[in-house]
Amino acid sequence: MDNKIQIFDTTLRDGEQVPGCQLNTIEKIEVARQLEKLGVDIIEAGFPVSSPGDFNSVVEISKTVEKPVICALTRAVEKDIEVAADALKFAKKKRIHTGIGTSEFHIKNKLNSNPEDILKRAVSAVKLARKFVDDVEFYAEDAGRTENEYLARVIEAVIKAGATVVNIPDTTGYCLPGEYGEKIAFLVNNVPNIDKAVISTHCHNDLGMATANSISGILNGARQVEVTVNGIGERAGNTSLEEVVMAIKSHHSLNYETGIDSRQIMRTSKLVSTLMRMPVQPNKAIVGRNAFAHSSGIHQDGVLKDRQNYEIIDPAEVGVKESAIVLTARSGRAALKHRLQILGYEFENEEIEDVYNRFLDLADRKKDIGDEDLEILAGREKKGKPPIELVSLQVMCGKSTIPTATVQVSFKGDVFTETASGNGPIDASFTAVKNLVKRRVRLEEFLIQAITRGSDDLGKVHVQIEHKGDNYYGFSAHTDIVTASVEAFIDAIGKIT
Ligand code: KIV
Ligand code: ZN
């Protein structure tokens with residue numbers, strides 16, 4: 001049996017059905033182009049009869065994309081099939097994906113019909129689709145809950161009618177991996193003409209089994225998997241493309257292959273997440289922010305010795321530059337020193353001790369320490385002791401309170417204290433500092449920035465002051481923005497000679 005697994009991407013159809021994830025045609029074309037770069041075999045570009053927008057997207061994607069087959073979804077309804085064929089008219093390689101519900105639930109409660117009538121409608125739909133295109137995929141909706149004997153009859157009939165691919169969707173994400181695999185094996189063993197069609201999996205993730213079910217389907221004879229980027233899709237989503245592709249790639253001994261260029265995975269994931277406004281959960285396999293991040297001291301040490309101690313995939317293989325050593329209060333000196341070296345900072349042992357202590361101090365206040373935080377810690381260490389330093393700062397502020405600040409600074413070994421009020425905590429603190437240093441300084445510019453995200457983040461403050469016609473610049477960063485502001489102000493004042 002051929003060991004090439006066809007990757008059928010339905011991000012733009014099943015994925016796009018998610019409320020709030022709708023894309024316009026230009027965005028869909030951008031995703032389709034990236035899917036082509038990624039190397040998917042089939043792009044399900046939309047459900048043309050559902051809206052003029054979907055119709056137009058299928059038309060435009062058909063014109064733009066060259067290598068993958070462009071597929072359009074229909075119900076087993078004449079009009080749907082005719083409209084899909086029309087939408088595909090510019091596609092170099094085209095497929096119509098038609099089908100109908102085959103489970104007892106769908107036949108009785110959704111379609112208000114009976115198994116024989118459904119079988120006839122399935123056959124007619126495939127025959128009609130074959131009049132327009134050579135490549136027709138049939139889906140037996142809710143196959144996961146369809147009784148195997150009846151499913152086998154339907155599949156045999158649609159293959160006889162001309163279906164080239166037969167899709168066995170676990171529409172409700174109900175199956176367990178063993179059960180889904182047995183279903184595929186049952187079809188392989190009981191449908192006499194099954195060798196005339198490719199079996200496809202289409203699994204939903206309601207029980208978190210979508211990837212496991214798809215792999216189980218492959219192990220039992222399926223040669224196409226229907227997936228979405230980041231696993232987006234109805235309810236809990238579809239099987240995620242990156243998980244199936246990397247499971248196949250990581251388990252070489254299974255001897256399956258896909259045409260995917262895995263180095264494009266991260267880029268594709270980010271594009272889909274951004275355009276669809278659907279953030280990727282941090283611990284998502286393969287593409288989550290933490291998928292290659294190591295935070296505990298023991299793991300960091302292990303990864304620094306040999307990446308494979310704690311990683312089964314080289315991040316570069318999926319387009320991630322390198323594993324992230326996330327520095328937290330649990331990180332050791334080795335991890336800190338290593339990261340600083342990568343950033344271009346070399347410290348002697350006694351120096352690193354000082355940086356490490358300040359690192360721990362920051363890590364206690366802030367969960368994750370990123371490269372920008374480290375740059376600031378390291379940069380400050382290199383500058384040496386400033387002439388004026390903030391010793392302590394107390395501010396009182398809030399609704400119905402006059403903002404007041406008490407500032408203590410050390411100057412040439414002596415400590416001075418001053419209290420002042422102002423129109424806010426920063427203004428009060430700056431006035432106290434000005435009174436202390438007894439210099440006429442004017443604040444020219446004052447800029448506060450958060451470095452990354454989150455309310456626990458370091459805030460960066462840049463100030464520009466004027467003294468006797470000259471400008472002086474100050475900078476500081478702190479998790480407390482008022483402290484950062486006062487430190488930056490004092491930094492600038494300290495530069496006045
Ligand atoms: O989940 C499903 O059954 C589907 C079909 C329309 C293929 O998305
Ligand atoms: Zn689906």
Side-chain angles (χ1 to χ4, degrees), residues 6-19 21 40-51 54 58 69-77 80-81 83-84 87 95-107 109-111 118 121-122 125-126 129 135-146 150-151 154-155 158 163-175 180 183-184 187 197-211 213-214 217 222 224-241 243-244 276 278:
Q6 301 280 323
I7 301 294
F8 176 115
D9 184 275
T10 183
T11 307
L12 294 174
R13 199 279 298 170
D14 226 353
E16 214 248 352
Q17 275 172 220
V18 177
C21 285
V40 306
D41 300 284
I42 303 108
I43 294 177
E44 187 160 53
F47 181 11
V49 84
S50 67
S51 71
D54 245 43
V58 176
V69 173
I70 305 300
C71 178
L73 184 81
T74 80
R75 294 165 297 181
V77 171
D80 285 28
I81 296 168
V83 171
R95 177 182 295 179
I96 290 179
H97 189 189
T98 189
I100 197 160
T102 52
S103 68
E104 209 181 319
F105 292 101
H106 280 226
I107 294 175
N109 308 336
K110 180 179 144 180
L111 301 161
I118 293 300
R121 283 161 70 177
V126 171
D135 189 2
V136 173
E137 174 168 340
F138 173 81
Y139 64 86
E141 194 177 5
D142 203 15
R145 293 187 300 172
T146 301
Y150 176 64
L151 184 62
V154 174
I155 296 303
V158 295
T164 46
V165 182
V166 285
N167 178 12
I168 314 301
D170 183 20
T171 306
T172 55
Y174 172 74
C175 289
Y180 188 74
K183 193 173 279 290
I184 302 296
L187 298 175
V198 171
I199 301 178
S200 183
T201 67
H202 178 113
C203 300
H204 280 263
N205 205 29
D206 299 65
L207 293 174
M209 306 276 180
T211 298
N213 284 348
S214 303
Q224 176 180 287
V225 277
E226 305 198 1
V227 290
T228 59
V229 175
N230 300 336
I232 61 166
E234 287 277 355
R235 308 179 309 276
N238 289 57
T239 305
S240 84
L241 179 149
E243 291 175 16
V244 170
M276 292 196 162
M278 185 83 161

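Just follow the structure's listing: the first ligand is 1, and inside any ligand the first atom is 1.
- Screening I232, N230, N238, I43 for a side chain to side chain contact (heavy atoms under 4.5 Å, CB included) with T11, the sole residue that qualifies is I232.
- Near T171, the atoms of ligand 1 lying under 4.0 angstrom from a non-hydrogen atom of the residue are 1 (O), 2 (C), 3 (O).
- For ligand 1, the polar-atom distance check against R13 finds a nitrogen or oxygen pair separated by under 3.5 Å.
- Comparing E44, H202, E234 by heavy-atom distance to atom 2 (C) of ligand 1, the nearest is H202.
- Counting non-hydrogen atoms of neighbouring residues, nucleotides and ligands closer than 6.0 angstrom, the OH atom of Y150 exceeds 12 such neighbours.
- Between the side chain of D41 and the backbone N or O of F8 there is no donor-acceptor pair closer than 3.5 Å.
- Those atoms of ligand 1 that come under 4.0 Å of a heavy atom in D14, given as number and element, are 8 (O).
- Note on H204: its N/O/S atom closest to the Zn ion (ligand 2) is NE2.
- In this structure, OG in S214 is found 10.0 Å from NE2 in H204, a value given to the nearest 0.5 Å.
- Near N167, meaning under 4.0 Å from any of its heavy atoms, are these atoms of ligand 1: 7 (C).
- Here is the list of ligand 1 atoms found below 4.0 Å of a heavy atom in H204: 1 (O).
- With respect to H202, the side-chain hydrogen bond (donor to acceptor under 3.5 Å, both in side chains) criterion is satisfied by exactly one of T171, N213, D14: D14.
- Counted by atom type alone, D142 and S103 present one or more donor-acceptor pairs between their side chains at under 3.5 Å.
- Within the 4.0 Å heavy-atom criterion, neither part of E137 lies near ligand 1.
- Shown in contact with E141 at under 4.0 Å from a heavy atom are these atoms of ligand 1, numbered in order with element: 3 (O).
- Checked by atom type, the side-chain pair E226/S200 shows a donor-acceptor distance below 3.5 Å.
- The Zn ion (ligand 2) is closest to atom OD2 of D14 (considering only N, O or S atoms).
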